[in-house]
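As the structure is a prediction and not an experimental result, all values here were calculated from the model.
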There are 2 protein chains.
Amino acid sequence: MSYTYEYPHPAVTADICIFSIREGTLKVLLIQRLIDPFKDCWAIPGGFIKMDEDLVIGAARELEEETGVSGVPLEQLGAYGAPDRDPRERVITVAFMALVPSDQMVLAAATDAADAQWFDMDELPALAFDHATILADARARLADKVTNRVTETAKSAFQFLPQKFTLAQAQAVFETLKGEPLDKRNFRKWIAANWDLVDLKEKTSGGRHRPAALYSVDF
Amino acid sequence: MSYTYEYPHPAVTADICIFSIREGTLKVLLIQRLIDPFKDCWAIPGGFIKMDEDLVIGAARELEEETGVSGVPLEQLGAYGAPDRDPRERVITVAFMALVPSDQMVLAAATDAADAQWFDMDELPALAFDHATILADARARLADKVTNRVTETAKSAFQFLPQKFTLAQAQAVFETLKGEPLDKRNFRKWIAANWDLVDLKEKTSGGRHRPAALYSVDF
DNA sequence: ATGTATGGTGTAAAGTTCACACACTGACAG
DNA sequence: CTGTCAGTGTGTGAACTTTACACCATACAT
């Protein structure tokens with residue numbers, strides 16, 4: 001089967017930056033490419049858009065196919081289309097990003113992916129294509145969104161916390177996402193002002209220190 | 001000549017929202033399509049990306065071809081790719097925007113454009129494809145950029161002013177771009193704080209009112 | 001002289017951001 | 001039982017930003 005056009009057409013892919021927090025650090029989901037170009041190289045998941053699917057649907061499909069991750073709300077980052085970004089042919093990619101909890105997530109590499117793993121954002125391997133650029137843009141956008149407005153992206157930050165959490169735990173999550181330390185008192189004022197925290201009147205115990213109050217959040 | 005691929009490929013276009021101010025109101029540059037689909041319908045300029053050109057280069061080229069407008073710094077807005085947005089075949093478009101002065105600009109419709117005209121943003125005709133959506137997104141982004149940070153976009157606002165301008169003229173420009181009235185005193189404080197205004201020690205004359213001081217701006 | 005149309009000016013209140021230091025308490029060790 | 005450790009919890013002031021708001025000045029026309 002082949003497809004013929006009167007004029008040349010580029011291929012169009014979707015690539016997806018999936019961020020999560022694991023072991024207290026910001027991670028990104030990468031796949032190891034099974035095929036050339038950049039065979040065996042790590043890359044952000046993605047693949048070709050089908051002719052009858054919307055961009056974001058295609059991105060979600062590729063993500064699930066390659067990594068087993070599904071049901072995440074993707075936000076468009078932009079299009080990347082340098083003529084030589086793919087050695088095979090002209091490929092224009094539309095990048096998406098999302099922030100997801102990953103604790104109970106099972107990664108299942110498939111399709112074009114030999115492997116799918118979480119990588120520490122501070123220890124990235126060499127990446128295929130222009131994925132390093134895309135990922136850097138996504139990282140910057142993530143830091144921007146998380147603490148500025150109360151958006152869906154910011155909501156998803158709470159998924160890295162247990163149902164009952166301490167304010168110190170919450171601060172650690174937001175610091176990880178933002179990539180910089182936050183002032184304790186100012187953080188507590190911010191979270192109280194911007195989110196509906198419920199004081200559970202319970203305390204942690206077991207630490208070699210003063211117990212911390214536990215909270216949950218209502219949206 | 002034809003081009004054959006093993007898998008189907010979408011066409012990729014760039015579409016460009018060019019804003020300007022004319023006669024004190026915000027205008028957008030539209031072209032009248034010469035060919036189907038949407039023949040004779042108005043649309044934002046744009047066209048197919050060539051295989052060896054970057055997205056923004058292609059956008060600039062299409063803009064010049066269809067309207068005669070060149071040399072404008074385009075900013076990417078995002079990709080639009082609903083499967084049915086073009087009745088011919090799958091077409092994914094990458095949208096760009098810019099704000100340009102238009103007084104000495106000569107519009108020259110060519111290529112796929114029967115005509116190129118400035119339209120008042122408040123009196124838009126029916127637009128081809130999903131261009132109404134794209135244009136609405138661009139309008140929102142424009143208002144955002146102009147008064148918030150001192151960006152390239154904001155700089156270009158001064159191009160709608162003569163070399164020597166009054167603060168009232170400047171306020172009118174920024175109000176038009178932002179789409180809402182601004183407080184006179186607060187605007188004057190803002191512009192003085194954010195831009196390097198030079199007091200020319202000259203005054204307007206001839207109005208049936210008190211003369212206004214003239215300024216120029218240094219970047 | 002008067003009317004009219006636009007130019008030009010300052011201040012206070014509210015809100016936001018940022019920096020910053022010390023006492024509290026439970027667990028554990030001795 | 002006592003001391004130390006380690007993380008918890010709390011408030012204020014300064015700087016800055018944002019917003020609201022009203023009146024006199026000046027040139028021209030009549």
Side-chain angles (χ1 to χ4, degrees), chain A residues 23-24 143-151 154 160-217, chain B residues 23-24 143-151 154 160-217:
Chain A
E23 299 143 27
D144 234 43
K145 303 211 78 154
V146 162
T147 34
N148 286 347
R149 305 146 232 263
V150 176
T151 60
F160 301 112
L161 292 168
Q163 280 285 330
K164 304 175 178 187
F165 56 87
T166 69
L167 296 183
Q169 289 173 321
Q171 182 174 346
V173 166
F174 279 89
E175 283 177 335
T176 301
L177 295 174
K178 201 151 172 65
E180 61 187 22
L182 302 172
D183 176 84
K184 180 161 56 165
R185 278 171 292 188
N186 292 340
F187 174 76
R188 283 165 189 242
K189 271 181 290 187
W190 175 82
I191 197 170
N194 290 283
W195 301 93
D196 187 7
L197 292 185
V198 183
D199 184 344
L200 298 173
K201 313 284 186 196
E202 295 179 61
K203 302 216 168 257
T204 54
S205 64
R208 187 178 173 176
H209 53 75
R210 177 176 174 182
L214 288 167
Y215 295 85
S216 65
V217 66
Chain B
E23 300 145 25
D144 234 42
K145 302 211 79 155
V146 164
T147 35
N148 285 347
R149 305 146 233 261
V150 176
T151 60
F160 300 113
L161 292 168
Q163 278 286 330
K164 304 173 179 187
F165 55 86
T166 68
L167 295 182
Q169 289 174 322
Q171 183 174 344
V173 166
F174 280 88
E175 283 177 335
T176 301
L177 294 173
K178 202 152 171 66
E180 60 187 23
L182 303 172
D183 177 83
K184 181 161 55 164
R185 280 171 291 190
N186 292 339
F187 173 76
R188 283 163 189 242
K189 271 180 292 189
W190 175 82
I191 196 170
N194 290 283
W195 302 92
D196 187 6
L197 292 185
V198 182
D199 184 344
L200 298 173
K201 313 286 185 194
E202 295 179 62
K203 302 219 168 257
T204 54
S205 66
R208 184 178 174 169
H209 52 76
R210 177 175 175 181
L214 287 168
Y215 295 85
S216 67
V217 67

Please state how far atom [atom1] in [X] lies from atom [atom2] in [N], giving the value in whole angstrom units.
| X | N | atom1 | atom2 | answer |
| --- | --- | --- | --- | --- |
| B:I191 | D:dT17 | CD1 | P | 17 Å |
| B:K203 | D:dC28 | NZ | P | 13 Å |
| B:D199 | C:dG8 | CG | C1' | 12 Å |
| B:E202 | C:dG8 | CD | P | 13 Å |
| B:F187 | D:dT18 | CZ | P | 15 Å |
| B:R188 | C:dT11 | CZ | P | 17 Å |

Polar pair under 3.5 Å, donor/acceptor by atom type, side chain B:R210, base C:dG7
yes
If you define the side chain from C-beta out and look only at heavy atoms, does anything of B:S216 sit under 4.5 Å from B:K164?
no
Picking from D:dC5, C:dT25, D:dG9, the nucleotide nearest the side-chain atoms of A:A212 would be D:dG9
Choosing from C:dT25, D:dT10, C:dG8, which nucleotide comes nearest the side chain of A:K184?
D:dT10
Could you measure the distance from the OG1 atom of A:T147 to the CD1 atom of A:I191? Nearest 0.5 Å is fine.
11.5 Å
Between A:T166 and A:R208, which is nearer to the 5' end of DNA chain D once each is assigned its nearest nucleotide?
A:R208
Of A:H209 and A:L214, the one whose nearest nucleotide on DNA chain D sits closer to the 5' end is A:H209
Angle class for the B:W190/B:F174 ring planes (parallel below 30°, perpendicular above 60°, tilted otherwise)?
perpendicular
Apply side-chain contact (heavy atoms from CB on, under 4.5 Å) to residues B:V146 and B:K178 and explain how you reach the verdict.
CA-CA 7 Å; B:V146 164; B:K178 202 152 171 66; 5.5 Å; no
Using the side-chain contact (heavy atoms from CB on, under 4.5 Å) rule, take B:T166 and B:L214 through it: C-alpha gap first, then chi angles, then the decisive distance, then the call.
CA-CA 5 Å; B:T166 68; B:L214 287 168; 3.8 Å; yes
Tell me whether B:E23 at atom CD has more than 12 heavy atoms from other residues, nucleotides or ligands lying less than 6.0 Å away.
no
Evaluate the criterion side-chain contact (heavy atoms from CB on, under 4.5 Å) for residue pair B:L161 and B:Q169; output intermediate values, then yes/no.
CA-CA 7 Å; B:L161 292 168; B:Q169 289 174 322; 3.8 Å; yes
For nucleotides 16-19 of chain C, list the nitrogen or oxygen atoms of the protein found under 3.5 Å from its nitrogen or oxygen atoms, one pair per line.
residue: C:dC18; atom: N4; partner: A:K189; partner atom: NZ; Å: 3.4
residue: C:dA19; atom: N7; partner: A:N186; partner atom: ND2; Å: 3.0
residue: C:dA19; atom: N6; partner: A:N186; partner atom: OD1; Å: 3.2
residue: C:dA19; atom: N6; partner: A:K189; partner atom: NZ; Å: 3.3

